[in-house]
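Working notes, structure below.
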There are 2 protein chains.
Amino acid sequence: MKKQKTELTGVCRLQVQGVKDTQDLLSGKWKTVIIAALYNAGKFRFMDLSRHIEGISPKVLSKELKDLEMNRLVKRTVLDTMPVTVEYELTPQGKSLNKVVEAMGEWGIKYRKSILKK
Amino acid sequence: MKKQKTELTGVCRLQVQGVKDTQDLLSGKWKTVIIAALYNAGKFRFMDLSRHIEGISPKVLSKELKDLEMNRLVKRTVLDTMPVTVEYELTPQGKSLNKVVEAMGEWGIKYRKSILKK
DNA sequence: GTAAGTAGTTTCCATTAAGTAAGTGCTTTC
DNA sequence: GAAAGCACTTACTTAATGGAAACTACTTAC
């Protein structure tokens, strides 16, 4: 008899790997929040995001947006208005994170309630 | 006329806040992976987790488990066997993260496939 | 008595993330 | 012509995270 209880099957390993991949892509304090904001707003300009996401500095916002753009989750569009404006929106790839965003949103709301009850 | 396009409604704000709360609780590289592993395994001993999650050091694993325990997502049980063994499992609160884990798992699997296709 | 297994802790170091503050280059408004 | 708004960038600093290696304390097996 071999030890079996400590082994996970292939399907589970795959899921754990998937979680790890997703986690790596969404690393840091802000990426999921940015995605959630864009998910709700559709499009946002830099200053809209900056104002909407409390506590984020322009430097960090800029860096996070670049990361997200590199991973093809966010699309950046420069409009040739005079003062230049830049729009950010989710790519289809980014929009496909909807289940993750919704699950995290719902869970967070419930968790907050359960804490306040005590 | 006021600017309206840059405003999110209350419900959306709530969701963004929820995402932020969840993100804060699951901060760092490893927490979601640990939760996914426990979600699949039911129970795991320290060394099981250590072996199963590739690349994590005992120090970091120990710290992450403590954080998760503090936030009541993971339960730690010491068994009075001789060599002492310790079991970790998700609390009901931790188990309620199932949608998040599943969504992240699925998305990660799809994302990986979409990258490989190119 | 030496090794190996369990469940960690400790120390030390490197990397990364994040925050502050100021600056840039452009334009419109006062 | 000064201020203010947009979209950033740069420089500097601090805080947080993460990793490697060794060590503790206990027990069983060889």
Side-chain angles (χ1 to χ4, degrees), chain A residues 1-7 19-21 23-35 37-38 41 43-71 74-89, chain B residues 1-3 5-7 19-20 23-35 37-38 41 43-71 74-89:
Chain A
M1 270 208 286
K2 293 177 194 174
K3 284 201 268 184
Q4 284 199 321
K5 56 184 172 179
T6 65
E7 286 301 311
V19 169
K20 191 164 168 37
D21 288 349
Q23 172 71 68
D24 287 350
L25 242 66
L26 302 179
S27 64
K29 254 172 93 170
W30 298 110
K31 291 197 189 72
T32 51
V33 182
I34 292 171
I35 289 170
L38 290 174
K43 287 180 183 178
F44 254 165
R45 284 178 298 163
F46 190 84
M47 288 308 276
D48 294 334
L49 279 167
S50 182
R51 268 189 290 258
H52 191 79
I53 301 174
E54 227 180 316
I56 197 167
S57 70
K59 186 199 93 172
V60 172
L61 179 56
S62 170
K63 187 231 158 206
E64 297 292 69
L65 285 168
K66 268 182 202 158
D67 285 357
L68 291 171
E69 210 193 332
M70 255 188 15
N71 289 320
V74 162
K75 188 181 157 200
R76 180 178 187 270
T77 314
V78 181
L79 304 175
D80 62 345
T81 51
M82 283 305 162
V84 115
T85 52
V86 183
E87 275 180 357
Y88 295 91
E89 60 189 310
Chain B
M1 268 209 288
K2 295 179 192 171
K3 281 201 269 186
K5 57 183 173 182
T6 65
E7 285 301 310
V19 169
K20 191 164 167 36
Q23 172 70 67
D24 287 350
L25 242 66
L26 302 180
S27 64
K29 254 174 90 170
W30 297 109
K31 290 197 190 70
T32 51
V33 182
I34 292 170
I35 289 169
L38 289 174
K43 288 180 184 179
F44 255 166
R45 284 177 297 163
F46 189 86
M47 288 308 276
D48 295 333
L49 280 167
S50 181
R51 270 188 290 258
H52 191 78
I53 301 173
E54 227 180 315
I56 198 168
S57 71
K59 186 197 93 169
V60 173
L61 178 56
S62 170
K63 189 230 159 208
E64 297 293 68
L65 285 169
K66 267 181 203 160
D67 285 357
L68 292 170
E69 211 193 331
M70 255 188 15
N71 289 320
V74 162
K75 188 182 156 200
R76 180 178 185 270
T77 313
V78 181
L79 305 175
D80 63 343
T81 49
M82 286 302 163
V84 115
T85 53
V86 182
E87 275 180 359
Y88 294 91
E89 62 188 310

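Every chain is numbered from 1 and lettered A, B, ... according to where its sequence line falls, protein lines coming before strand lines.
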Go through B/Phe46 and B/Glu87 one step at a time and tell me if the side chain to side chain contact (heavy atoms under 4.5 Å, CB included) criterion holds. CA-CA 7 Å; B/Phe46 189 86; B/Glu87 275 180 359; over 6 Å; no

Starting at [atom1] of [X] and ending at [atom2] of [N], how long is that distance when rounded to a whole Å?
| X | N | atom1 | atom2 | value |
| --- | --- | --- | --- | --- |
| B/Leu65 | C/dA7 | CG | C1' | 11 Å |
| A/Ile53 | C/dG19 | CD1 | C1' | 16 Å |
| A/Leu79 | D/dA7 | CG | P | 9 Å |
| A/Gln23 | D/dG18 | CD | P | 9 Å |
| A/Leu61 | C/dA17 | CG | P | 16 Å |
| B/Lys63 | D/dA16 | NZ | C1' | 8 Å |
| B/Asp48 | C/dG8 | CG | C1' | 15 Å |
| B/Ile56 | D/dA20 | CD1 | C1' | 14 Å |

Counting side-chain heavy atoms from CB outward, which of [options] is closest to [X]?
| X | options | result |
| --- | --- | --- |
| A/Thr85 | D/dT9, D/dA7, D/dT17 | D/dA7 |
| A/Val86 | D/dG19, C/dG19, D/dA7 | D/dA7 |
| B/Met47 | C/dT6, D/dA7, D/dT9 | C/dT6 |
| B/Arg45 | C/dA7, C/dA17, C/dG8 | C/dA7 |
| B/Val60 | C/dT6, D/dG19, C/dG8 | D/dG19 |
| A/Phe46 | D/dA7, C/dT20, D/dG19 | D/dA7 |
| A/Glu64 | C/dA7, D/dG19, C/dA18 | C/dA18 |

May I ask you to say what B/Ser57 touches in the nucleic acid, namely base, sugar-phosphate or nothing, with a heavy-atom cut-off under 4.0 Å? nothing

With a non-hydrogen cut-off below 4.0 angstrom, is A/Lys66 in contact with a base, only sugar-phosphate, or nothing? sugar-phosphate

Between OG of B/Ser50 and CE of B/Met47, what distance do you get to the nearest 0.5 Å? 5.0 Å

Taking only the side-chain nitrogens and oxygens of [X], find out if one of them lies under 4.0 Å from OP1 or OP2 of [N].
| X | N | result |
| --- | --- | --- |
| B/Ser62 | C/dG8 | no |
| A/Arg51 | D/dA7 | no |
| B/Tyr88 | C/dG8 | yes |

Contact check, side chains of B/Phe44 and B/Glu89, non-hydrogen atoms, under 4.5 Å: no

Kindly indicate whether the side chain of A/Lys59 and the base of C/dG19 share any N or O donor-acceptor pair separated by less than 3.5 Å? yes

With B/Tyr88 as reference, evaluate B/Arg76, B/Arg45, B/Glu69 under the side chain to side chain donor-acceptor pair (under 3.5 Å) test and give the passing residue. B/Arg76

Let me know which of A/Leu38, A/Ile56, A/Val33 forms a side chain to side chain contact (heavy atoms under 4.5 Å, CB included) with A/Leu49. A/Leu38

Stepwise, does the side chain to side chain contact (heavy atoms under 4.5 Å, CB included) test hold for A/Val74 with A/Asp67? CA-CA 9 Å; A/Val74 162; A/Asp67 285 357; over 6 Å; no

